[in-house]
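In what follows, chains carry the letters A, B, and so on, assigned in the order in which the sequence lines appear, proteins first and then strands, with residues in each chain numbered from 1.
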There are 2 protein chains.
Amino acid sequence: MKIKEVSAKFNISADTLRYWEREGAIPPVSRDKAGYRDYDDEDLDWITFAKCMREAGVSIEYLIEYLTLFKQGDTTLQARKDLLGEQLETIAQRLHEIQHTYDLIKEKTEHYEAHVEGYHGKLSQ
Amino acid sequence: MKIKEVSAKFNISADTLRYWEREGAIPPVSRDKAGYRDYDDEDLDWITFAKCMREAGVSIEYLIEYLTLFKQGDTTLQARKDLLGEQLETIAQRLHEIQHTYDLIKEKTEHYEAHVEGYHGKLSQ
DNA sequence: ATAAACCTTGGAGTCGACTTCAAGGCAAGT
DNA sequence: ACTTGCCTTGAAGTCGACTCCAAGGTTTAT
């Protein structure tokens, strides 16, 4: 799979895909005879993972750290688990913050609902 | 309330508080005779709001837009409600993304749990 | 065989959100 | 009066995460 297709499939710019790879947030993608990136299923799995993590606000640095451990093999299983656990904590916290804000805005919009109606009422009387 | 206290209370740097005000993400704070910022309850409410929103990933630009409408008075009630509704949408989406990532990592850590145990098992036998 | 549409790399540029700096004013304690 | 600590402003600097650019190679269609 070439970079443009991957870009379309994940809705991530080709530049970003190259950037992630350059930085070491995903493993190096193998190239075809022309020197073009040719993504295999494993590469796509890494992109899925990276995309999820980035969407949840996890930094590139963390991804690099995780991949670095991963490349070092089985002896880093515990370290990787710890790293993920740490992220899980952070994400859970973020989740609650956002939930909190969601509730606040929800309430605020309902408040507005009442006010705007009141305002319309005034206008129509 | 002086800037340092506010900074401590909200755990937001004084620089950031000044930055938000300068940008128009919160209303101008009145000054005492010395020219120092003196935050009143309303100011604190705005900071609470801004902090919540920022934590949920809402941009400074949005806050400026909201405050701009707010300053224009009651005629912008509907516009403000719309703006908040829009944000609510975005935040709900973000919430789901993060929830999704949370589940994924949770699963992954459990997976690791098994593997690490397996690994320990191998070692201890 | 030539153009159009891909791809490559290295490096520079951008953007949002701070953060730091420089130069200086006020204020409370000794 | 002097030091220490907090405050002010405007401007410049930083940082993370892209995003764009230049120069050039490949592939596909005409």
Side-chain angles (χ1 to χ4, degrees), chain A residues 1-40 43 46-47 49-68 87 90-91 94 97-98 101, chain B residues 1-40 43 46-47 49-68 87 90-91 94 97-98 101:
Chain A
M1 213 176 185
K2 281 205 229 149
I3 200 165
K4 215 199 176 186
E5 304 171 80
V6 178
S7 168
K9 180 177 164 68
F10 288 95
N11 199 29
I12 296 171
S13 83
D15 279 315
T16 297
L17 290 170
R18 281 188 283 252
Y19 169 70
W20 285 356
E21 185 181 345
R22 194 174 344 130
E23 292 293 304
I26 57 172
V29 177
S30 55
R31 315 299 156 108
D32 63 13
K33 47 244 81 161
Y36 294 3
R37 283 173 182 79
D38 187 20
Y39 294 82
D40 64 20
D43 293 325
W46 276 101
I47 291 168
F49 178 63
K51 190 189 180 187
C52 268
M53 295 295 261
R54 291 291 305 120
E55 279 173 353
V58 176
S59 72
I60 297 284
E61 209 188 345
Y62 250 105
L63 296 180
I64 295 170
E65 214 173 321
Y66 181 78
L67 180 53
T68 303
Q87 273 318 296
T90 308
I91 290 173
R94 207 167 287 150
E97 279 170 7
I98 297 186
T101 301
Chain B
M1 211 175 189
K2 281 204 229 153
I3 200 165
K4 214 197 176 186
E5 305 171 79
V6 178
S7 167
K9 181 178 164 68
F10 286 96
N11 198 29
I12 296 171
S13 83
D15 282 315
T16 297
L17 291 170
R18 281 188 282 254
Y19 168 72
W20 285 358
E21 184 181 348
R22 194 174 344 127
E23 292 293 305
I26 57 171
V29 177
S30 55
R31 315 298 155 108
D32 64 13
K33 47 243 85 166
Y36 294 2
R37 283 173 181 80
D38 187 20
Y39 294 82
D40 65 19
D43 293 325
W46 276 101
I47 291 167
F49 178 64
K51 190 188 180 186
C52 267
M53 295 295 261
R54 291 290 304 120
E55 279 172 353
V58 177
S59 72
I60 298 282
E61 208 188 345
Y62 249 104
L63 296 178
I64 295 170
E65 214 174 321
Y66 182 78
L67 181 53
T68 303
Q87 273 316 296
T90 309
I91 290 172
R94 209 167 287 151
E97 279 170 7
I98 297 185
T101 301

Those residues that, when tested against A:Asp38, pass salt bridge (Lys or Arg N to Asp or Glu O under 4.0 Å) (two or more places apart): none

Which residues pass the salt bridge (Lys or Arg N to Asp or Glu O under 4.0 Å) test with A:Arg18, sequence neighbours left out? A:Asp15

Side chain to side chain donor-acceptor pair (under 3.5 Å) partners of B:Thr16, counting only residues at least two apart: B:Ser13

Please give, in whole Å, the distance from C:dA17 P to B:Ile64 CD1? 8 Å

Can you sort out the partners of B:Glu55 under salt bridge (Lys or Arg N to Asp or Glu O under 4.0 Å), two or more places apart, ordered by chain and number? B:Lys51

Sequence neighbours left out, what passes side chain to side chain donor-acceptor pair (under 3.5 Å) with B:Tyr66? Give chain and number order. A:Tyr112

Start at the 5' end of DNA chain D and walk down; is the nucleotide closest to B:Ala14 or to A:Gly57 reached first? B:Ala14

For B:Trp20, which residues count as a ring-ring contact (aromatic ring centres under 6.0 Å, His included) partner, sequence neighbours excluded? none

I'd like the 5' and 3' limits of the part of DNA chain D contacted by chain A, with heavy-atom contacts below 4.0 Å. D:dA17 to D:dT27

Between A:Arg37 and C:dT9, is there a contact of a side-chain N or O with OP1 or OP2 at under 4.0 Å? yes

Strictly under 4.0 angstrom, non-hydrogen atoms only: write out the protein contact profile of nucleotides 18-30 of chain C, one letter per nucleotide from the 5' end, B, S or -. BBB----BBS---

Which whole-number value in Å describes the distance from A:Glu21 CD to C:dT9 C1'? 12 Å

Who pairs with A:Glu21 by salt bridge (Lys or Arg N to Asp or Glu O under 4.0 Å), at least two apart in sequence or on another chain? A:Arg31, A:Arg37

Flag if over 12 foreign heavy atoms under 6.0 Å of CD, A:Glu23: yes

